[in-house]
Number of protein chains: 4
Amino acid sequence: MSSLNNLAIKMKRAISEIEKEQRKEQIVFAALDEFYLKGLKATKMEDIAIRCGISKGTLYLYFSSKKALFESAVEHIAMHKAQQIQSLMTNHNSVKEALDQLFEFIPNVIIDSPLPKLIKVLISDAFDFPDVIKTYKQNIIDQVLSTITIVLQAGKERGEVNIDDAALTAKLIVAPVIFAVVWKVLSEAENSPPLAVDVLLKQHQLIIYKALGITE
Amino acid sequence: MSSLNNLAIKMKRAISEIEKEQRKEQIVFAALDEFYLKGLKATKMEDIAIRCGISKGTLYLYFSSKKALFESAVEHIAMHKAQQIQSLMTNHNSVKEALDQLFEFIPNVIIDSPLPKLIKVLISDAFDFPDVIKTYKQNIIDQVLSTITIVLQAGKERGEVNIDDAALTAKLIVAPVIFAVVWKVLSEAENSPPLAVDVLLKQHQLIIYKALGITE
Amino acid sequence: MSSLNNLAIKMKRAISEIEKEQRKEQIVFAALDEFYLKGLKATKMEDIAIRCGISKGTLYLYFSSKKALFESAVEHIAMHKAQQIQSLMTNHNSVKEALDQLFEFIPNVIIDSPLPKLIKVLISDAFDFPDVIKTYKQNIIDQVLSTITIVLQAGKERGEVNIDDAALTAKLIVAPVIFAVVWKVLSEAENSPPLAVDVLLKQHQLIIYKALGITE
Amino acid sequence: MSSLNNLAIKMKRAISEIEKEQRKEQIVFAALDEFYLKGLKATKMEDIAIRCGISKGTLYLYFSSKKALFESAVEHIAMHKAQQIQSLMTNHNSVKEALDQLFEFIPNVIIDSPLPKLIKVLISDAFDFPDVIKTYKQNIIDQVLSTITIVLQAGKERGEVNIDDAALTAKLIVAPVIFAVVWKVLSEAENSPPLAVDVLLKQHQLIIYKALGITE
DNA sequence: AATGAATGAGCATTCATTCAT
DNA sequence: AATGAATGAATGCTCATTCAT
């Protein structure tokens, strides 16, 4: 038995604060992957540990409980994204410029970032974590929507775009992103080829621009 | 064997069969509610039983396991919806007529039917049930999308609508439905006022019609 | 594996309220034995279950947690004893008669009843359960002491006994009982021959009677 | 080997040894406090470490395991007391003189020394440590009791005291000490005012003297 | 058919102990 | 020597499932 233990690869110790932060982040991403695949309840702490190459006990040096880890993971990833998104649509001269930026940015978010996973996790465990949902919705969703709304409203007042209701239009601009995220989850689940997100969004951009009267 | 039995017994059994089906349906809806709120793993068989006013043991007379109940519930509700949706967009003379019908129908689905719950459940436990997802996607989503696609394609060929890619456009027409469903879940979770789905879809209809060059 | 299960002796089901009460009492006594031997923290729920011939899960049908079982066990046994002790020293004509009754009763309590175990358990886990201790002390110890005190005080006023302080004397009358209990624990632990409790208490009786001026 | 080293280093080591012993003693007392409050199983090594202001790891430089620490603690404190008690009742001219000394000594032991804590600890974890109990009982309890027994027996033979059985009487003389210790634990646990040990023992002394026919 | 008592595999969490730093 | 990060065996408790009544 001891010889088996000797074969085990022992994790390097995280001594400095920086190393500890890195370890925490590593756990948080491993946790997100598990939560994404299994949901909160069905995720085993041991599986998260294995994914990190650490032991169950070590997890508890960094997070006091599964719930705490879940909340940390959501917050960590959500807040990280929130910053990116916030800075996205400032400094533009016209609605078109702003939306161009947005439409260029979105595919990367869907394809490369952990945001789709986070969204799936939040949808799945929404009812167990109303507070997390509330915070997330206020800090991310509402923020993004109101930014877009403001841009549209200003454009409408300047006669740049032809719209009815800026707030609703903002939601409709964002809707295909949610659609793409959900599609992504379902495709991955049934192991079918993924949606061509960029092409879909290109088409979406066209439709929106046409409807809003924006010309290239 | 049934022909050997007398009529009275047959009828009794026939009634029994009906009652059995009713009981099964009752369980299936109770289960959907629980799965919607808690997810598959966190849902207790006992809670479903309580919701039906029956005992744990009785549940197992109708469904052999939680997984079987889950699959039955999803299938039962999904197939029920599928029929409705299938009959939706036939018998129309123009794209506009077909889409009018669709846009009239959708809000009811989101507000009154169990479909949003089902979608939430499917998203949440997608990875545990790739087969369920596959079946559901093929029988419902792909069906709906291809119906819309065909309508659009035909309209395009007749010069009724001005579109690029009928299949993508179909997805974009459906996207806000998913958005509305997700929003509904998040609102219910954080106990915030719901989205005015009908108004959103009215606006969506406007944008789509404008982009497609459909005039009232 | 299933053949092994078939060999397992299944516990008869406790259906009626009476059977359930009996099962509860059975658990309580098994628990007392374990708590006595190991202390609260070191006692495994599984060991209690094994002692009863039931499964771990069944324990939780009757008691919601180890702590609850502990408290129930203490209360159940303590209250049972309290009643006996209460009725002990009423209806007597003289101090001598009352003390005679007491000294006749005590050895049985030490030798045959679960009280010594209970006392050991209470001492051991006193700091974790201040409330249990408080209740127990008020309902049993203080009760007993005050009953003896009243008897002595009345005897003193009638000139029957020659004492200084009735309350302190009461404590000193009881002291060897505690001594015997502690001795019993230590003897059992080191597996040495037990103290002859009855002889010790006979001697104690003599000393007390001599000191109090009670003549046979 | 030590003779090979120079004086300075030797002295340094000598000091180290003393410091080591002091550290050990410090740990032992911290451990006793924890064991007294929580019991062996529920005491965390870390809490002992914190109480000493050292780290968990350092504890293991001095004691190889919790069990070893427990045994060391009990032994260290018990043996220390044993010496005091041994020297207590020698050099006396009469039973009265010997008992006077005893009764003067006891209250200090109960109030100021770690002995009550030790007794509580020994009672609590008796069954896990039969050997410790055996050693302790032989070296302390039996020693004390036999010393008192010898004194009483000699007094009886000299006609100083009027007793039946010297060994039993010795136990009865000691009984209130155990009573006081147990009472102390229960009072501390329920946070109620402590027993006036000295007054109780004064009364006890009176009763014993009266019963034994010892006059002031 | 219906019930709910009984079961035990499964998992979150704790903490004595080890050992790299 | 001292530290405290890492480990994993141990254990309280849950709940899907079974089955006697």
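Throughout, a chain's letter reflects where its sequence line sits, starting with A, and its residues are numbered from 1. As the structure is a prediction and not an experimental result, all values here were calculated from the model.
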*Would you please name every residue forming a side-chain contact (heavy atoms from CB on, under 4.5 Å) with A:A73, sequence neighbours left out?*
A:V28
*Would you sort out whether D:M45 and D:Y60 count as a side chain to side chain contact (heavy atoms under 4.5 Å, CB included), showing the intermediate values?*
CA-CA 9 Å; D:M45 289 298 266; D:Y60 283 86; 3.6 Å; yes
*When you measure from every atom of DNA chain E, which of residues 16-36 of chain A have a heavy atom less than 4.0 Å away?*
none
*Would you say the base of E:dA20 and the side-chain of A:R13 have a donor-acceptor pair closer than 3.5 Å?*
yes
_So, using side-chain hydrogen bond (donor to acceptor under 3.5 Å, both in side chains) as the criterion, who are the partners of A:Y36 when residues are at least two apart?_
A:E188
*Taking only residues two or more places apart in sequence or in another chain, which ones pass side-chain hydrogen bond (donor to acceptor under 3.5 Å, both in side chains) with A:T135?*
none
*Rounded to the Å, how far apart are C:M45 CE and F:dA10 C1'?*
16 Å
_Just to verify, what does D:F35 make a ring-ring contact (aromatic ring centres under 6.0 Å, His included) with, not counting sequence neighbours?_
D:F70
*What heavy-atom pair brings C:F63 and C:A68 nearest, and what distance separates the two atoms?*
CD2-O, 4.4 Å
*Do any of residues 120-128 of chain D sit with a heavy atom less than 4.0 Å from DNA chain E, and if so which?*
none
*Rounded distance in Å - CD1 (A:I15) to P (F:dG4)*: 10 Å
*In Å, rounded to the nearest 0.5 Å, how long is the span from CD1 of D:I48 to CD of D:E34?*
6.0 Å
*Proximity to DNA chain E (any heavy atom under 4.0 Å), residues of residues 54-62 of chain A only*: A:K56, A:Y60
*asked:* My validator wants the stems of DNA chain E: runs of 3 or more consecutive Watson-Crick or G-U pairs, both distances under 3.5 Å, written as range with range.
replied: E:2-21 with F:2-21
*Would you mind reading off the distance between A:E46 atom CD and F:dA10 atom P, rounded to a whole angstrom?*
15 Å
*When the distance from NZ of D:K66 to P of E:dT18 is rounded to whole Å, what number comes out?*
14 Å
*salt bridge (Lys or Arg N to Asp or Glu O under 4.0 Å) between C:D128 and D:K38, intermediate numbers included*: CA-CA 7 Å; C:D128 267 353; D:K38 312 274 181 65; over 6 Å; no
*asked:* In whole Å, I'd like the distance from the NZ atom of D:K67 to the C1' atom of E:dC15.
replied: 18 Å
*What distance separates B:I54 CD1 from B:R23 CZ, expressed to the nearest 0.5 Å?*
5.5 Å
*In whole angstrom, give the distance that lies between atom NZ of D:K41 and atom C1' of E:dT14.*
10 Å
*Contacts of type side-chain contact (heavy atoms from CB on, under 4.5 Å), residue D:L37, not counting sequence neighbours*: C:F127, D:R51
_According to side-chain hydrogen bond (donor to acceptor under 3.5 Å, both in side chains), does anything in residues 61-71 of chain B pair up with another residue at least two apart or in another chain? List the pairs._
none
*Rounded to whole angstrom units, what separation is found between the CG atom of D:L40 and the P atom of E:dC15?*
13 Å
*Sequence neighbours left out, what passes side-chain contact (heavy atoms from CB on, under 4.5 Å) with B:K134? Give chain and number order.*
A:E190, B:Q138
*Rounded to the Å, how far apart are D:K38 NZ and E:dA16 C1'?*
15 Å
_List the residues meeting side-chain hydrogen bond (donor to acceptor under 3.5 Å, both in side chains) with A:Q22, not counting sequence neighbours, and say none if there are none._
none
*Main-chain N/O of D:S124 paired with C:K120 side-chain donor or acceptor, under 3.5 Å*: yes
*NA contact type, B:T43, heavy-atom cut-off 4.0 Å: base, sugar-phosphate, or nothing?*
sugar-phosphate
